[in-house]
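As structure tokens, the structure follows; a few thoughts come after it.
Nothing here was measured: the structure is a model prediction, and the numbers come from that model. The figures that follow rest on heavy atoms only: side chains count, while hydrogens, waters and symmetry mates do not.
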Amino acid sequence: MFEMLNAKQPGVFVLPSCEMGMQFWKEALGSPCYLVAPMVDASELAWRLLSRRHGAHVCYTPMLHSSVFIRDPKYRKEALVSCVEDRPLIVQFCANDARVLLEAALLAEPHCDAIDINLGCPQAIARRGHYGAFLQDDWPLLTDMVSTLHQALSVPVTCKIRVYEDIEHTVAYARMLEAAGCQMLTVHGRTKEQKGPLTGLASWEHIKAIRESVSIPVIANGNIQCLEDVKRCLAETGVQGVMSAEGNLYNPSIFEGHNPPAWEVALEYLDLAEKYPCPTSYVRGHLFKLFQHCLCLPENFELRAELATGSDLSDFRSTVLQLRDCYLPYHEGTKTWTGDTGIGYNLIHPPWICQPYVRITPEEHLKKLVEKQNRNADVNQFEEESGSGEAEKENQDGITMKRPREGSVESTDSKNMSKRKMKKLRKLQHNPNKNFHGRRGVDKCVDCPNPVGSKCDLRLCKACCRIKCYLENRDCAGHRILIKTRREKACEQRKAESQSDITRGHQTVQCEHIANKGNQNIRLDKTKWEHAVQAEHASAVSQEQYCQLHTEQKMTIENDDVPILNV
């Protein structure tokens with residue numbers, strides 16, 4: 001055994017990652033055999049607690065987006081909701097950047113026992129976001145992500161992966177993650193192409209090969225629908241534990257080997273959801289899976305619709321109690337159940353019992369697609385030949401084929417519709433009186449289809465209101481449009497400027513009048529002087545008289561009245 005230096009605590013030697021992984025699995029997790037998978041919109045606290053009550057040893061949070069987890073405090077707070085009973089807990093992140101993943105992991109580190117990296121999500125959103133199973137070919141990036149977390153975190157880092165078709169390539173993939181610092185590996189024995197109706201069976205052979213090639217704990221995922229599957233998987237693969245996803249959703253008591261009536265676990269879950277609130281969509285999804293087989297029966301279609309339209313826990317509880325009252329006599333034996341499910345296959349248990357949902361094989365799915373395409377082609381041909389007068393015909397095999405109703409979403413007029421529009425039409429058919437517009441309760445503008453301003457006196461949108469106020473010279477307090485007020489201010493300003501120009505003109509005229517009067521006085525003074533000089537020569541006026549005359553003339557000029565300016 002070799003020793004490795006811990007990057008966070010210089011001078012402290014710790015065990016290598018493989019030894020740390022086994023120690024973590026035994027001491028921190030308590031050697032768990034039964035694990036509940038991380039499931040988006042389904043692994044909330046209430047469901048985790050329900051699963052723990054019925055045999056689960058370790059639970060995961062739903063997959064969390066690391067970048068959103070960093071920037072959104074509300075998202076982070078809701079994602080980390082937990083309690084004392086909710087341990088050990090593993091928080092799972094998806095990411096494609098080591099630094100972003102580390103920042104998110106450091107925020108979640110105090111609230112969990114390990115950080116898991118999602119490398120197994122096969123959905124289209126994972127392809128667009130470049131995470132999950134679509135990172136499995138970028139080994140340098142995965143090495144950077146795992147090693148960064150392994151060196152910086154105080155809790156272990158784990159990974160959940162899918163397999164390649166080639167076993168040897170899958171084993172090399174697992175060894176790469178182990179060498180990078182992964183301390184527990186969960187292996188889903190399907191490729192990223194195996195999803196939806198093409199899911200098929202998981203390969204335990206791949207899981208066994210990985211278990212024999214790595215030294216860290218390995219958890220198997222896939223083909224787990226009952227406790228017998230768990231035991232068989234442990235024996236065939238040699239893994240340390242088994243993880244369940246769909247099996248747990250359809251029967252939370254899967255690890256107890258018990259198949260209870262659906263209403264028992266449903267009511268228990270509703271009690272937990274009331275204590276630890278979660279979105280109603282999560283609750284509705286869980287109840288649909290618990291009562292999957294009951295709600296497929298024709299006599300329960302109304303309850304199915306009631307569950308689909310329920311808005312709170314009281315509505316859901318009412319539906320569950322109605323289902324319980326309907327099937328409790330059969331469960332207690334006071335009534336005899338005929339065993340006819342009416343859904344095309346025989347169930348091991350009666351429909352009110354929690355039991356796994358069995359998917360059809362990919363081959364059967366492809367066969368049904370071909371048959372459906374052929375039927376559609378026959379119906380289209382029949383419509384062209386017979387027109388719209390007849391509603392049904394028989395094909396060569398004697399099977400009656402019905403044309404869609406004219407007003408239905410599946411009519412020929414809707415073939416070119418987008419999925420989004422078809423979904424809205426279906427909602428409208430189920431709830432014809434409900435308003436599905438994004439802005440509920442908002443009236444439309446009088447002049448256009450835009451929503452009216454909530455405080456507009458004219459009942460117009462802002463654009464139409466601005467035009468009307470401009471043409472009619474008015475204001476709108478609701479839209480804060482002040483055209484009339486601004487126009488009045490502009491008029492007052494122009495009047496003030498005009499008055500100022502008039503005042504300046506008056507001042508100019510008065511100044512010219514004063515100047516002209518002064519020049520006139522000067523001319524008068526000069527004339528008197530000339531007359532005095534002539535009188536001096538003519539009548540020999542004495543010099544003393546002349547001075548006296550000059551003084552009087554000067555006083556006359558200085559004492560002359562000067563007009564006062566009105567500025």
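- Smallest separation of non-hydrogen atoms from K195 and P122: NZ-O, 2.8 Å.
- Within the 4.5 Å cutoff, no side-chain heavy atoms of Y131 are placed close to those of N118.
- Side-chain contact check for R99 versus E103: every heavy-atom pair is 4.5 Å or farther apart.
- Judged by distance alone, the side chain of R284 and the main-chain N or O of G310 form a donor-acceptor pair under 3.5 Å.
- A donor-acceptor pair under 3.5 Å is formed between the side chain of Y75 and the backbone N or O of H65.
- Between L35 atom CG and I90 atom CD1 the span is 6.5 Å, to the nearest 0.5 Å.
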Quiz item: Stepwise, does the side chain to side chain contact (heavy atoms under 4.5 Å, CB included) test hold for I483 with E472?
Solution: CA-CA 9 Å; I483 291 178; E472 298 182 0; over 6 Å; no
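- Scanning all heavy atoms of the two residues, the minimum distance from V58 to P88 falls at CG2-CG, 3.8 Å.
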Practice problem: Check the pair C121, C94 against side chain to side chain contact (heavy atoms under 4.5 Å, CB included), reporting the backbone distance first and the verdict last. | Solution: CA-CA 9 Å; C121 181; C94 68; over 6 Å; no
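- Using a 4.5 Å heavy-atom cutoff, the side chains of K192 and R127 are not in contact.
- Residue E44 holds its CD atom at 4.5 Å from SG of C278, rounded to the nearest 0.5 Å.
- Counting all heavy atoms, side chain and backbone alike, C461 lies closest to P451 at CB-O, 3.6 Å.
- Note that the SG atom of C83 and the NZ atom of K275 stand 7.5 Å from one another [nearest 0.5 Å].
- The backbone N or O of S314 sits nowhere less than 3.5 Å from a side-chain atom of S318 that would complete a donor-acceptor pair.
- The minimum heavy-atom distance between G453 and R459, with the atom names listed, is O-NH1, 4.1 Å.
- For the pair E488/L482, no side-chain contact is recorded, criterion being any heavy-atom separation below 4.5 Å from C-beta on.
- A salt bridge is defined here as a Lys NZ or Arg NE, NH1 or NH2 lying under 4.0 Å from an Asp or Glu carboxylate O, and D116 with K160 fails to meet this definition.
- The side-chain heavy atoms of L101 and T148, taken from C-beta on, include no pair separated by under 4.5 Å.
- A donor-acceptor pair is defined here as one N or O able to donate and one able to accept, closer than 3.5 Å; such a pair exists between the side chain of D113 and the backbone of L89.
- Relative orientation of the F93 and F69 rings is perpendicular, given thresholds of 30° and 60° on the angle between their planes.
- Residues E193 and L198 have side chains not in contact (no heavy-atom distance under 4.5 Å, counting atoms from C-beta outward).
- Atom CG of L45 sits about 9.0 Å away from atom CD of E85, to the nearest 0.5 Å.
- Distance check: M243 CE to T186 OG1 gives 4.0 Å after rounding to the nearest 0.5 Å.
- Taking a 6.0 Å sphere around CD of E302, one finds it holds 12 or fewer heavy atoms contributed by other residues, nucleotides or ligands.
- For the pair R162 and Y173, the cation-pi criterion (under 6.0 Å, within 45° of the ring axis) is not fulfilled.
- Taking CG of L272 as the reference point, atom CG of L267 lies at 11.5 Å (rounded to 0.5 Å).
- Classification of the Y269-H286 ring pair by plane angle, with boundaries at 30° and 60°, yields perpendicular.
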Quiz prompt | From CA spacing to verdict: side chain to side chain contact (heavy atoms under 4.5 Å, CB included), H111, V91 | solution = CA-CA 9 Å; H111 307 279; V91 174; 5.8 Å; no
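- When all heavy atoms of L290 and L249 are compared, the pair lying nearest together is CD2-O, 3.7 Å.
- Here the shortest heavy-atom pairing between S66 and V100 reads OG-CG1, 3.7 Å.
- Under a 3.5 Å cut-off, the side chain of T61 and the backbone N or O of Q92 do form a donor-acceptor pair.
- Crowding of Y470 atom OH: a count of heavy atoms from other residues, nucleotides or ligands under 6.0 Å not exceeding 12.
- A donor-acceptor pair under 3.5 Å is absent between the side-chain atoms of D72 and the main chain of V68, judged by distance alone.
- D475 and T485 share a donor-acceptor pair across their side chains, judged by distance under 3.5 Å alone.
- Side-chain contact between K462 and C465: absent, with no pair of heavy atoms (C-beta onward) separated by less than 4.5 Å.
- In this structure, R487 places its CZ atom where more than 12 heavy-atom neighbours from other residues, nucleotides or ligands lie under 6.0 Å away.
- Here the side chain of N96 pairs a donor or acceptor atom with the backbone of G129 at under 3.5 angstrom.
- Side-chain contact between V40 and Q123: absent, with no pair of heavy atoms (C-beta onward) separated by less than 4.5 Å.
- Using a distance-only test at 3.5 Å, with no hydrogens or angles considered, a donor-acceptor pair links the side chain of E109 to the main chain of S154.
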Quiz item: side chain to side chain contact (heavy atoms under 4.5 Å, CB included) between R52 and V36: does it pass, once the steps are laid out?
Solution: CA-CA 9 Å; R52 292 179 189 276; V36 176; over 6 Å; no
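- Electrostatic pairing of R317 and D271 counts as a salt bridge here, judged by a charged N lying under 4.0 Å from a carboxylate O.
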